Amino acid sequence: MTTTDTLPPTDNAPAQNPRLRKLKTPTSFNLVALLIATALIVIVCVPLMNVVVDMFWQNGALSFGAIRRTLAIPDLGKLILNTVVVVVASSLMAVIIGTLIAWANERTDARMGILNDVLPYLPFLLPPIAGAVGWTMLLSPKAGLINAWLRDGLELVGIHLDSGPFDINTWYGLIMVYTIYAVPYVYMNVSAAMTTFDSSLEEASRLSGASYLTTLRRVTIPALAPSIGAGFLLCTWFGFGMFSIAAIIGTPAHIDVIAVRIVQLLTFSYPPEEDLALGLSAIVMVFVGISYFVQYRILKTSRFSSMSGKSSTHKITRLGRWRPVVRGVVLLYVTLSTVLPMAGLFLVALNGYWTPKIKWDSLGFEAFHTALFADPKTQQAFTNSLGLGLVGGLIGISAAAIVSIYIAQRRTRSTQILDAAIKLPSSISHMVIAVGILLLLGGPPFHLGGTWLILLLGYLAIYLPQASIASDAAVAVVGRELAEASRVSGGRDWKTFLRIYAPLMLPGLVGGWALLFIRIVGDLTASAILSGTNNVVLGFRILEVFNGGSYATLAALSAVLVLVTGTVLLLVIWTSKRFGVAKSRSTH
């Protein structure tokens with residue numbers, strides 16, 4: 001009797017399977033994903049290329065006129081110095097605060113459960129323009145609520161002040177508000193690094209006789225340096241492109257920064273001085289490049305890896321009697337950074353006018369009624385912003401989801417380049433992108449200036465990286481095995497997408513949509529450049545009301561913006577929990 005051995009399949013065997021060969025041919029899903037990815041890249045890269053070309057090519061010939069005129073701006077040196085001081089100072093402060101909060105939450109027993117995971121991100125709930133208005137209502141030297149209450153308290157001990165003691169329209173006020181909105185960028189990077197960093201390295205250093213400070217300097221900080229550098233880089237990107245905070249707090253203090261000057265040149269000058277705006281945009285790009293170089297040097301000199309595999313250990317520091325103190329400091333920071341400006345907005349809106357003498361027994365909703373129903377322009381702004389948030393968020397997260405699935409299925413060099421190109425806007429000032437889109441589409445032959453469509457394209461270009469990151473995380477939850485099983489059983493790509501990917505990715509995609517919605521509705525950077533007088537959006541309308549001095553209406557608009565973003569965030573948390581419960585039940 002003879003036996004026949006069955007050889008196991010070799011590595012080349014799958015290539016002989018006609019079904020697997022078929023997978024290598026382009027499918028309709030792959031073609032749609034590539035078309036979407038190409039469109040997303042074009043939305044970003046073409047306007048940026050247009051900015052660079054227009055700086056050196058004018059009236060059909062090579063020209064350095066834009067550069068020369070920019071360099072001839074009388075206060076250019078002061079403008080650059082102001083911008084660099086605000087951005088660098090706030091970024092450094094954000095690195096210190098964000099790192100300390102991450103340490104308290106991840107490496108000590110002071111954390112308060114899920115509350116600590118939510119608290120550091122609360123400033124994202126308060127759009128920058130609403131936060132700037134809230135702080136103005138609290139710390140304006142004459143009518144600021146906190147200042148007035150402090151003066152009343154000082155009167156009791158014989159100290160008389162006509163104004164102050166604080167003034168939000170100063171260097172420290174401007175840097176403080178910039179810092180508040182930059183802290184979450186540092187926290188999310190450093191906390192993730194601390195989660196994966198193996199504390200046994202620190203233990204080994206201590207056992208070898210090194211002091212705590214030596215261990216911190218030679219082990220902990222070098223290991224966390226890449227994450228700290230990434231957080232600093234994100235802070236600088238945020239700072240160079242921030243317009244609303246600088247316009248509302250810096251302008252009354254006569255602190256001019258590049259972002260505000262660009263908007264003035266394009267929006268409040270007639271005719272728009274595009275060449276000067278281009279030159280200033282080029283300066284912003286130079287400083288962003290310097291930030292890139294700083295991060296590169298940090299990564300190059302980093303000597304440790306923060307990821308140590310499944311066996312990583314995390315030693316929790318027992319704070320003892322300092323535990324309630326650390327918790328109190330974290331809660332105090334959240335109160336000062338988020339709760340206080342929210343409270344200021346609602347108090348002024350409910351009081352009906354901005355005064356430190358709050359009439360507690362006659363608070364009402366007249367300002368809300370005036371803001372929402374009595375002013376047709378404000379109604380149009382709400383309608384436009386909510387519509388752009390809903391549509392832009394849906395288009396952005398849907399397109400990003402399809403492209404993320406395509407990239408996750410094909411980990412090749414070309415797909416990595418594709419992914420990097422889609423995330424390119426995160427490394428460019430939002431102001432520069434908005435300028436590029438306006439110059440490309442605002443005039444002939446498109447004539448889209450001030451239209452709904454140019455705003456939608458601008459928001460998609462600016463906030464595309466957030467959608468891409470959220471969809472990447474949602475795809476990672478699914479895993480490749482389920483998709484492979486669907487294909488092996490005969491399911492085509494679209495069927496696999498609708499029945500496998502879409503339901504499992506839904507909680508993450510809903511969260512990504514909410515992030516896009518909140519950012520689009522509260523945007524002022526792109527809105528200040530791309531919106532028109534006949535197509536106003538909420539962020540720009542708030543700035544108009546601020547310049548007009550209608551403070552109760554201003555507070556009401558900002559408060560409603562907070563309510564809208566807060567409601568969306570709560571609905572997303574509730575939806576995610578429900579889907580999480582349903583998914584856990586379906587797996588048992």
Side-chain angles (χ1 to χ4, degrees), residues 127-133 136 241-248 251 259-260 262-272 277 345 349 367-393 430-431 433-435 437-439 441-443 446-463 516-565 568:
I129 186 170
V133 171
T136 299
M242 176 50 57
F243 167 70
S244 56
I245 297 175
I248 292 175
T251 300
V260 175
I262 290 175
V263 173
Q264 291 173 346
L265 292 170
L266 292 175
T267 306
F268 301 107
S269 298
Y270 187 81
L345 291 175
F368 290 95
H369 182 272
T370 301
L372 295 177
F373 303 107
D375 185 2
K377 196 171 184 180
T378 302
Q379 290 180 338
Q380 182 193 24
F382 263 105
T383 302
N384 287 337
S385 290
L386 292 177
L388 285 164
L390 291 169
V391 175
H430 293 177
M431 188 67 61
I433 297 175
V435 169
I437 290 176
L438 177 65
L439 296 179
L441 303 177
F446 301 102
H447 297 287
L448 295 179
T451 63
W452 207 83
L453 180 57
I454 197 172
L455 281 166
L456 178 62
L457 293 174
Y459 292 146
L460 288 175
I462 289 173
Y463 298 112
L516 290 179
F517 175 85
I518 291 172
R519 285 302 183 203
I520 290 174
V521 170
D523 176 85
L524 183 56
T525 301
S527 303
I529 293 177
L530 300 178
S531 66
T533 55
N534 297 323
N535 197 26
V536 182
V537 290
L538 188 54
F540 192 70
R541 181 58 183 153
I542 290 176
L543 184 62
E544 285 185 327
V545 175
F546 175 80
N547 292 329
S550 302
Y551 296 114
T553 303
L554 174 69
L557 286 175
S558 302
V560 170
L561 180 58
V562 172
L563 288 175
V564 170
T565 55
V568 169

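Both backbone and side-chain heavy atoms feed into the values below; hydrogens, waters and symmetry mates do not. Fair warning: this is a prediction, and the values are worked out from it, not measured in the lab.
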**Q** Would a distance-only check, ignoring hydrogens and angles, find a side-chain to backbone donor-acceptor pair under 3.5 Å from T565 to V562?
**A**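 Pair found, side chain donor or acceptor close to backbone of V562.
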**Q** Can you see which heavy atom on V260 is nearest to which on A246, and at what distance?
**A**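 Smallest interatomic distance, heavy atoms only, reads CG2-CB, 3.6 Å.
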**Q** Measuring from atom CD1 of I129 to atom CG of L554, what distance do you get when rounded to the nearest 0.5 angstrom?
**A**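 These two atoms lie 8.0 Å from each other.
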**Q** For the residue pair H447 and L441, establish whether any side-chain heavy-atom pair is separated by less than 4.5 Å.
**A**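 Contact flag for H447/L441 side chains = no.
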**Q** Of the non-hydrogen atoms in R519 and P128, which two are nearest, and what is the gap between them?
**A**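 Minimum heavy-atom contact is NH1-CD, 4.1 Å.
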**Q** Does the side chain of Q380 reach to within under 4.5 Å of the side chain of V537, using non-hydrogen atoms?
**A**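 No, every pair of side-chain atoms sits at 4.5 Å or beyond.
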**Q** My understanding is that only residues two or more places apart in sequence, or in another chain, count here; which of them pass side chain to side chain contact (heavy atoms under 4.5 Å, CB included) with L538?
**A**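 Side chain to side chain contact (heavy atoms under 4.5 Å, CB included) list for L538, sorted by chain: F382, S385, V521, I542, L557, L561.
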**Q** Given L530, which of L457, L455, V435 fulfils the side-chain contact (heavy atoms from CB on, under 4.5 Å) condition?
**A**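 It is L455; the other options fail the test.
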**Q** Testing the basics here: between S531 and N535, what is the closest heavy-atom pair and its distance to 0.1 Å?
**A**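 Minimum heavy-atom separation between S531 and N535: CB-O, 3.8 Å.
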**Q** Are L386 and V564 side-chain neighbours, meaning at least one heavy-atom pair lies under 4.5 Å?
**A**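 Side-chain contact under 4.5 Å: yes.
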**Q** Starting at CG of L456, measure out to CD1 of I520 and round the result to the nearest 0.5 Å.
**A**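 Those atoms lie 7.5 Å apart.
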**Q** What distance separates W452 CH2 from T383 OG1, expressed to the nearest 0.5 Å?
**A**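 So the gap between those two atoms works out to 11.0 Å.
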**Q** Checking S527 now: which residues fulfil side chain to side chain donor-acceptor pair (under 3.5 Å) with it, not counting sequence neighbours?
**A**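 If we apply the side chain to side chain donor-acceptor pair (under 3.5 Å) test to S527, skipping adjacent residues, the hits are Y459, D523.
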**Q** State the CD1-OG1 distance between I245 and T136, to the nearest 0.5 angstrom.
**A**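 So the gap between those two atoms works out to 10.5 Å.
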**Q** Specify the closest pair of heavy atoms between A556 and A367, including all atoms of both residues, with the distance to one decimal.
**A**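 Taking every non-hydrogen atom into account, CB-O, 3.7 Å.
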**Q** Please report the closest heavy-atom contact between F368 and A559, naming both atoms and the distance.
**A**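 In terms of heavy atoms, the two residues are closest at CE2-CB, 3.9 Å.
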**Q** Are L372 and Q379 packed together at the side-chain level, in the sense that at least one heavy-atom pair is separated by less than 4.5 angstrom?
**A**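 A side-chain contact is absent here, since even the closest heavy-atom pair is not under 4.5 Å.
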**Q** Which pair of non-hydrogen atoms, one from L448 and one from T451, has the smallest distance, and what is that distance?
**A**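 Answer, listing the atom of L448 first, then T451: O-OG1, 2.6 Å.
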**Q** Just how far is it from atom CZ of F540 to atom CG of N384, taken to the nearest 0.5 Å?
**A**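 So the gap between those two atoms works out to 13.0 Å.
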**Q** Rounded to the nearest 0.5 Å, what's the gap from CZ on F446 to CD1 on I437? Could you check?
**A**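 Spacing of CZ (F446) from CD1 (I437) equals 12.5 Å.
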